[in-house]
Amino acid sequence: MADFSYELKLEVVLVGSNAVGKSSILRCYKSDAFRFDEPSTIGVDLTTTYLTAGGKRYKVMIWDTAGQERFRAVATAYYRRKQAALFVYDVTDRKTFEDLERLWMPDYAQHGPEGTVKMLVGNKADLSTSRQVSCEEGHNFARRHGCLFVETSARANTAVGQAFEELLAKVLDTPALLEAAAAPPAACEADSAGFSLLDGMYDKDASCRLLAWTRHLSCFPWPLFLRGG
Ligand SMILES: Nc1nc2c(ncn2[C@@H]2O[C@H](COP(=O)(O)OP(=O)(O)OP(=O)(O)O)[C@@H](O)[C@H]2O)c(=O)[nH]1
Ligand SMILES: [Mg+2]
């Protein structure tokens, strides 16, 4: 039987513009086959994994947010209480690189916790002939924003495992983050973060997606909508 026990829960979020490959990176990390027709994420998806380090067992929840502009506000609700964030761009699309500095990083600075371990991820490195952002530009950006940096290819399975390993190793090496992870959320924060009280139900991705949407639908002004208001 699967062992769902753990001593500490760590949370990671994937952030970035539409179609940069966030879901594909996660699919690759889970060793699922690459999809050329990966569906665009609606709202948010959750993947849960477990890791053992230093004799402790950790539950790692990885939140895959939607990059479409219409879901930007939804994404920000998932920045709270995260120990690590992956900021993903597509090396063949300069706008997605610029959007990180223009949109996603300011959003995270506003809604995410301080001290998060951040990693800049330049994905689609397999498409070398269409590259618009050089590796050096990625390095400089990461240095400016205090991020780790890696270029990946979800399609060719290049450096994806390494990215998560490096990110989580840095979290485990940061006592302040582990202390914050162990602290219970404040009552109002648990409510606004959405799921802290329903933790036991996270182990099935589908049920999580349903819960995520139930939560957002419950915030939607249904009476106005039904009346056409
Ligand atoms: N060549 C190549 N294509 C990729 C790679 N990663 C993702 N793709 C393709 O890029 C497209 C978008 O990938 P997704 O994983 O859905 O992107 P996303 O960032 O999750 O997009 P949203 O959910 O809409 O925010 C899909 O057609 C993938 O097949 C990669 O490393 N190389
Ligand atoms: Mg996606």
Side-chain angles (χ1 to χ4, degrees), residues 11-49 60-79 82 84-108 111-112 118-135 137-138 141-142 147-167 202 205-206 208-213 216:
E11 298 198 50
V12 179
V13 65
L14 285 148
V15 183
S17 294
N18 172 228
V20 295
K22 299 179 295 298
S23 303
S24 302
I25 287 172
L26 199 46
R27 177 180 283 280
C28 179
Y29 181 57
K30 291 191 288 182
S31 305
D32 291 344
F34 177 79
R35 282 182 65 170
F36 285 97
D37 60 345
E38 181 70 40
S40 193
T41 305
I42 306 291
V44 70
D45 278 341
L46 174 66
T47 291
T48 301
T49 179
V60 183
M61 298 167 73
I62 308 173
W63 298 91
D64 173 21
T65 60
Q68 288 182 56
E69 180 64 34
R70 65 192 166 118
F71 293 122
R72 221 174 112 205
V74 174
T76 60
Y78 295 88
Y79 296 170
K82 299 295 172 283
L86 292 152
F87 291 92
V88 186
Y89 66 96
D90 173 350
V91 298
T92 71
D93 183 348
R94 176 165 291 279
K95 183 170 181 300
T96 65
F97 182 61
E98 291 167 355
D99 280 351
L100 288 180
E101 202 154 43
R102 192 173 64 87
L103 302 173
W104 303 106
M105 286 191 153
D107 274 2
Y108 197 88
H111 299 279
K118 295 180 201 153
M119 178 177 271
L120 179 69
V121 180
N123 189 43
K124 307 197 189 181
D126 56 292
L127 299 174
S128 51
T129 53
S130 328
R131 185 186 273 274
Q132 292 184 359
V133 184
S134 71
C135 191
E137 284 177 283
F141 183 107
C147 301
L148 302 166
F149 174 61
V150 68
E151 283 196 349
T152 57
S153 167
R155 182 179 173 190
N157 189 2
T158 308
V160 171
Q162 176 205 324
F164 281 97
E165 277 163 29
E166 228 180 280
L167 189 77
Y202 283 161
D205 291 0
C208 165
R209 205 170 300 138
L210 181 66
L211 280 169
W213 278 100
H216 290 298

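Whatever order the structure lists ligands and atoms in, that order sets their numbers, starting from 1. Here, residue 1 is the first one in the sequence, and each next residue gets the next number. Remember, predicted model here, so these are calculated numbers, not experimental data.
- A perpendicular orientation is assigned to the rings of F87 and Y108, their planes being inclined by more than 60° (bins at 30° and 60°).
- Nearest to atom 6 (N) of ligand 1 by heavy atom, out of D90, L26, N123, D64, is N123.
- Under a 3.5 Å cut-off, the side chain of E137 and the backbone N or O of S134 do form a donor-acceptor pair.
- Given atom 32 (N) of ligand 1, the protein heavy atom at minimum distance is D126 OD1, 2.8 Å.
- Within the listing of ligand 1, atoms 22 (P), 25 (O) sit less than 4.0 angstrom from a heavy atom of G67.
- When K124, R155, R27, Q68 are ranked by how near their heavy atoms come to atom 11 (C) of ligand 1, first place goes to K124.
- For atom 31 (O) of ligand 1, the closest non-hydrogen atom on the protein side is A154 N, 2.8 Å.
- In this structure the side chain of V12 reaches within 4.5 angstrom of the side chain of V60, judged on heavy atoms.
- Here V91 pairs with Y89, R131, E151 under the side chain to side chain contact (heavy atoms under 4.5 Å, CB included) rule; sequence neighbours left out.
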### Test side-chain hydrogen bond (donor to acceptor under 3.5 Å, both in side chains) applied to S23 and D64, step by step
CA-CA 6 Å; S23 303; D64 173 21; 2.6 Å; yes
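- The nearest heavy-atom contact from the protein to atom 13 (O) of ligand 1 is S24 OG, 3.5 Å.
- One distance of note links CH2 of W63 with NZ of K22; it measures 16.0 Å at 0.5 Å rounding.
- Not one N or O of T65 is nearer than 3.5 Å to an N or O of ligand 1, by distance alone.
- N123 places no side-chain N or O within donor-acceptor distance of the main-chain N or O of V88, the cut-off being under 3.5 Å.
- Ranking the protein heavy atoms by distance from atom 26 (C) of ligand 1 puts F36 O, 3.8 Å first.
- Distances between N or O atoms of S23 and those of ligand 1 include at least one value under 3.5 Å.
- Nearest protein heavy-atom contact of atom 16 (O) of ligand 1 is E38 CG, 3.1 Å.
- Protein heavy atom closest to atom 28 (C) of ligand 1, with residue, atom name and distance, is R35 O, 3.7 Å.
- Of the polar atoms of A125, none of the N or O atoms is found under 3.5 Å from an N or O of ligand 1, judged by distance alone.
- Atom 18 (P) of ligand 1 has its closest protein heavy atom at K22 N, 3.5 Å.
- Proximity to L127 (heavy-atom distance under 4.0 Å) selects the following atoms of ligand 1: 1 (N).
- For the Mg ion (ligand 2), protein N, O or S atoms under 2.8 Å: 2 in total.
- Considering only heavy atoms from C-beta on, L100 comes within 4.5 Å of F141 through its side chain.
- Between the CG atom of D99 and the CG atom of D93 there is a distance of 8.0 Å, given to the nearest 0.5 Å.
- The backbone N or O of D90 sits less than 3.5 Å from a side-chain atom of T96, completing a donor-acceptor pair.
- Set against the non-hydrogen atoms of S153, the atoms of ligand 1 under 4.0 Å away are 31 (O).
- By the 4.0 Å N-to-carboxylate-O rule, K95 lies too far from E98 to be salt-bridged with it.
- Close approach of ligand 1 to T41 (heavy-atom distance below 4.0 Å) involves ligand atoms 22 (P), 23 (O), 24 (O).
- Here the shortest heavy-atom pairing between F34 and R155 reads CD1-CA, 3.6 Å.
- For ligand 1, the polar-atom distance check against A19 finds a nitrogen or oxygen pair separated by under 3.5 Å.
- Considering G16, G21, S40 only, the shortest heavy-atom separation from atom 17 (O) of ligand 1 involves G21.
- When all heavy atoms of L148 and A142 are compared, the pair lying nearest together is O-CB, 4.1 Å.
- The closest approach between any non-hydrogen atom of F34 and ligand 1 is below 4.0 Å.
- The shortest distance between side-chain heavy atoms of Y29 and I62 falls below 4.5 Å.
- When all heavy atoms of P106 and L103 are compared, the pair lying nearest together is CD-O, 3.3 Å.
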